[in-house]
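What follows is a short report on a single structure.
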Amino acid sequence: MEQIGDKIYRLRKEKGLSQEDLGFEIGVSRQAISKWEANTMQPNLDNIKSLCSIFNVNTDYFINDNCSTEKINQETAIASAKPITSNKNKKLFIILSVVLGIIIFVLVFAIVIVGHSVFTPNKGAFQVTSTNIQLPVFVILCVLFVAALIGEIVLLIKLLHRK
């Protein structure tokens, strides 16, 4: 009689996933996957549903002892499965987040420099700046900063809320 942990281990190996990869796709830690496979802890119903969608098996496979690896049909998989995200998407989100972070840093630096030039009063006989930077350039930089910041927040929220 094969236990749930043995089934998870076998299916994970067949799919070529590490414990960390499977944990990321489900939204649990690598240690949780390890405990499931060692049969020291059992996945809850939501996690079993996630496992079913990832491995394309029905819930009876994990719950019933005498159930074979019967694959579920495509309509059931599409209807019940949540989207499965790969590590490639996670890496893409991380790369985009880092790039946006760098862009935000550069924009903040540019806004400070341009803002100082635009808003420094020119009093006396000497002009404080030698460049003729207008207010619209400052406004455009601020708009770009806000757009990049919103993009960064959205990426981080998607990255943190993926299960």
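Index from 1, following the sequence.
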**Prompt:** Under 4.5 Å between side-chain heavy atoms, hopping through other hydrophobics if needed: is there a path connecting Leu144 to Leu149?
**Reply:** yes

**4.5 Å side-chain heavy-atom contact, Arg30 and Phe24** = no

**Item:** Considering all heavy atoms, the nearest Gly151-Leu100 contact
**Value:** C-CD1, 3.7 Å

**Request:** Output the distance between atom CD1 (Ile26) and atom CG (Leu17), rounded to the nearest 0.5 Å.
**Result:** 9.0 Å

**Asked** Is there side-chain contact between Glu25 and Ser50, with at least one heavy-atom pair below 4.5 Å?
**Response** no

**Fill in**
Rounded to the nearest 0.5 angstrom, the CD-OG distance for Glu20 and Ser34 is 12.5 Å

**Asked** Applying the 4.5 Å side-chain criterion to the ILVMFWY set and letting contacts propagate, would Ile63 and Tyr9 be lumped into a single cluster?
**Response** no

**4.5 Å side-chain heavy-atom contact, Pro43 and Ile4** = yes

**Request:** Could you check if a side-chain atom of Ile8 sits within less than 4.5 angstrom of a side-chain atom of Leu22, using non-hydrogen atoms only?
**Result:** yes

**Asked** Just by modelled atom types, is the Ile54 backbone N or O under 3.5 Å from a matching donor or acceptor in the Lys15 side chain?
**Response** yes

**Prompt:** How far does CD1 of Ile33 sit from CG of Leu51, to the nearest 0.5 angstrom?
**Reply:** 6.5 Å

**In one Ile/Leu/Val/Met/Phe/Trp/Tyr side-chain cluster, 4.5 Å: Leu11, Leu45** = no

**Distance (rounded to the nearest 0.5 Å) between Phe145 CZ and Glu152 CD** = 10.5 Å

**Asked** Does the side chain of Lys7 come within less than 4.5 Å of Gln3's, by heavy atoms?
**Response** no

**Message:** As an exercise, state the distance from CG of Asn44 to CG of Asp46, rounded to the nearest 0.5 Å.
**Reply:** 5.0 Å

**Asked** Taking side chain as C-beta onward, heavy atoms only, is Arg10 less than 4.5 Å from Asp6?
**Response** no

**Request:** Check whether any side-chain heavy atom of Phe62 lies under 4.5 Å from a side-chain heavy atom of Cys52, and answer yes or no.
**Result:** yes

**Message:** Measuring only between side-chain heavy atoms, which start at C-beta, is Val28 closer than 4.5 Å to Trp36?
**Reply:** yes

**Prompt:** Which of these passes side chain to side chain contact (heavy atoms under 4.5 Å, CB included) with Asn39: Gln42, Glu37, Lys35?
**Reply:** Gln42

**Request:** Output the distance between atom CG (Leu96) and atom CG (Leu156), rounded to the nearest 0.5 Å.
**Result:** 11.0 Å

**Prompt:** Looking only at heavy atoms, which two atoms of Leu155 and Ser97 are closest? And how far apart?
**Reply:** CD1-N, 3.8 Å

